[in-house]
Amino acid sequence: MNQTRTIVLVAGARPNFMKIAPIAAALGRRAGTFGSLLVHTGQHYDDKLSQVFFDELGIPRPDINLSVGSGSHAQQTAGVMVAFERVLLEQAVDMVMVVGDVNSTIACALVAAKMGVPVAHVEAGLRSYDRSMPEEVNRVLTDQISDLLFTTEASAEGNLRREGIDSTKVHFVGNVMIDTLLAHRERARATKTGDALGLSDRGYALLTLHRPSNVDDERAFDRLIQGLEAVAADVPIVFPVHPRTRPAITRSRRATDMVAAGRLRLVDPLGYLDFVGLMERARVVLTDSGGVQEETTILGVPCLTLRENTERPVTITHGTNRLVGTDPAALAAAWTAVKASSAPAEHPPLWDGRAADRIADVLAGFFGEPEASK
Ligand code: UD1
Ligand code: UDP
């Protein structure tokens, strides 16, 4: 006889919300087979980093908010663990599903694994091979203790094989972030953020920066801004500022000068629809974000990644992404190349808006529900 399985969906930080939205919806379409319990860890808590995405993407209100907030890595990870353990002690659940690579991801996976609750990891197997990135540590450890590993691109499977992960646990399902993008693209197109900022289509660059290696160190940040001068000489740069990055801008004379000259336009973190709308009409997107590399690939907008590595190589082989690094001369050269070319791109395999349904199918198989709808 069929039994309803309760899946805990964990979300904590901005990029988690776009990933959880289609999964919650796919499980909702299979009510009776699955029930979900949405846990917000509270890693991100400002409205502009959290609530706005629930409102825009129609994510159900979290059943539980752990309200953990900011802190050092140990404080934040431990805070989530202690609070999440209480949840699992109090609730009868069949699986914990975590997404991405943030501290909330590893914290909840670790608690579940130790309590004997199966763990599913969405966006498994991505590797930058740079252990100085906190996310890389979170990825490697989460994958080691997961029972189901859902991958977004072919590179992930090889990475997991090399780490000794049993291939029967690994399922190539596509990209839930792209499910969300495709579902909301038309609404994003209808936003008028560019007009409100006085920007013409293809007449501006869009910038996001929040990786510790780029924004926590004063000299590294200054060097990046120096590289951006080549872009700013041609088009204004719109910069929705992540809270982590705010102090770096205030400290950097080069950045404040660029702001004063009107070439760097600082705005608060944007809602998803406004941000996607701005991405789609930009001449170029400059970023150190993981998700933005993927979204620009589907939108067909050139993306320059201001990092030395990427865990998402398919965005380069199939997409519009170029790995530029942080050297000012390299950024100037990449911008010249962008101006000289259009950005034809293929859609990576299975980035088709149906990843969450494939995940639900695999879950049904995992729990012995072979009649899962396709
Ligand atoms: C986190 C993730 C990173 C992800 C990013 C997405 C980890 C280790 N890092 O980085 O992988 O790419 O989220 O945006 O999990 N702050 C606020 N308001 C908030 C949240 C944070 O002001 O709502 C400020 C606090 O000063 C905090 C700082 O931002 O100390 C950093 O927040 P934190 O969640 O620790 O890391 P992120 O840099 O946001
Ligand atoms: N994003 C947004 N508003 C912004 C900047 C980014 O809605 O001002 C979205 C972006 O479209 C993508 C996600 O946030 O869906 C990426 O999150 P982030 O860059 O914070 O994290 P990462 O992907 O690097 O982990």
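Indexing begins at 1, ligand by ligand and atom by atom, following the structure's order.
At least one N or O atom of Ser289, backbone or side chain, sits closer than 3.5 Å to an N or O atom of ligand 2. In terms of polar-atom proximity, defined here as any N/O pair under 3.5 Å, Gln43 does make such a contact with ligand 1. Between His242 and ligand 2, not a single N/O pair is under 3.5 Å apart. Residue Met177 has no N or O atom closer than 3.5 Å to an N or O atom of ligand 2.
Of the heavy atoms in Pro15, only side-chain atoms (C-beta onward) come closer than 4.0 Å to ligand 1. Under 4.0 angstrom from ligand 1, the non-hydrogen atoms of His44 come from both its backbone and its side chain. Within the 4.0 Å heavy-atom criterion, both parts of Val102, backbone and side chain, lie near ligand 1. Contacts between Tyr272 and ligand 2 below 4.0 angstrom, taking non-hydrogen atoms only, involve backbone and side chain alike.
In the model, His347 has no side-chain atom that pairs as donor or acceptor with a side-chain atom of Asp352 under 3.5 Å. Glu163 and Asn159 share no side-chain donor-acceptor pair at under 3.5 Å. Counting only N and O atoms by type, the side chains of Glu294 and Asn175 include a donor and acceptor under 3.5 Å apart. With hydrogens and angles left out, the side-chain atoms of Glu157 and Ser167 include no donor and acceptor closer than 3.5 Å. Residues Trp351 and Asp179 have side chains that never bring a donor and an acceptor to within less than 3.5 angstrom of each other.
Protein heavy atom nearest atom 19 (C) of ligand 1, with residue, atom name and distance: Tyr45 CZ, 3.4 Å. Scanning all protein heavy atoms for the shortest distance to atom 24 (O) of ligand 2 gives Gly290 N, 2.9 Å. Nearest non-hydrogen protein atom to atom 1 (N) of ligand 2 is Phe275 CD2, 3.6 Å. Protein heavy atom closest to atom 10 (C) of ligand 2, with residue, atom name and distance, is Glu295 OE1, 3.3 Å. Nearest to atom 7 (O) of ligand 2 among the protein's heavy atoms is Phe53 CE2, 3.3 Å. The protein non-hydrogen atom at the shortest distance from atom 2 (C) of ligand 2 is Leu270 O, 3.6 Å. Arg14 NH1, 3.3 Å is the protein heavy atom nearest to atom 4 (C) of ligand 2. Of all protein heavy atoms, the one lying nearest to atom 21 (O) of ligand 2 is Pro15 CG, 3.4 Å. Looking only at protein heavy atoms, the nearest one to atom 14 (O) of ligand 2 is Met18 CE, 3.5 Å.
Heavy atoms of other residues, nucleotides or ligands lying less than 6.0 angstrom from NZ of Lys339 number more than 12.
For the pair Lys48 and ligand 2, no heavy-atom separation below 4.0 Å is found. Look at Lys48 and you'll find every heavy atom at least 4.0 Å from all atoms of ligand 1. For the pair Glu135 and ligand 2, no heavy-atom separation below 4.0 Å is found.
Heavy-atom contacts of Gln76 reach the following atoms of ligand 1: 34 (O), 35 (O) (cutoff under 4.0 Å). In summary, the atoms of ligand 1 found under 4.0 Å from a heavy atom of Glu135, numbered by their order in the structure, are 3 (C), 9 (N), 11 (O).
Between Glu153 and Arg312 no salt bridge is recorded (no basic side-chain N to carboxylate O distance below 4.0 Å).
Distance check on atom 26 (O) of ligand 1: every protein heavy atom falls at or beyond the 4.0 Å cut-off.
Ring-centre distance between Phe17 and His40: below the 6.0 Å cut-off.
Looking only at side-chain heavy atoms (C-beta outward), Arg254 and Ile225 come within less than 4.5 Å of each other. Residues Phe150 and Val362 meet the side-chain proximity criterion, which asks for heavy atoms closer than 4.5 Å.
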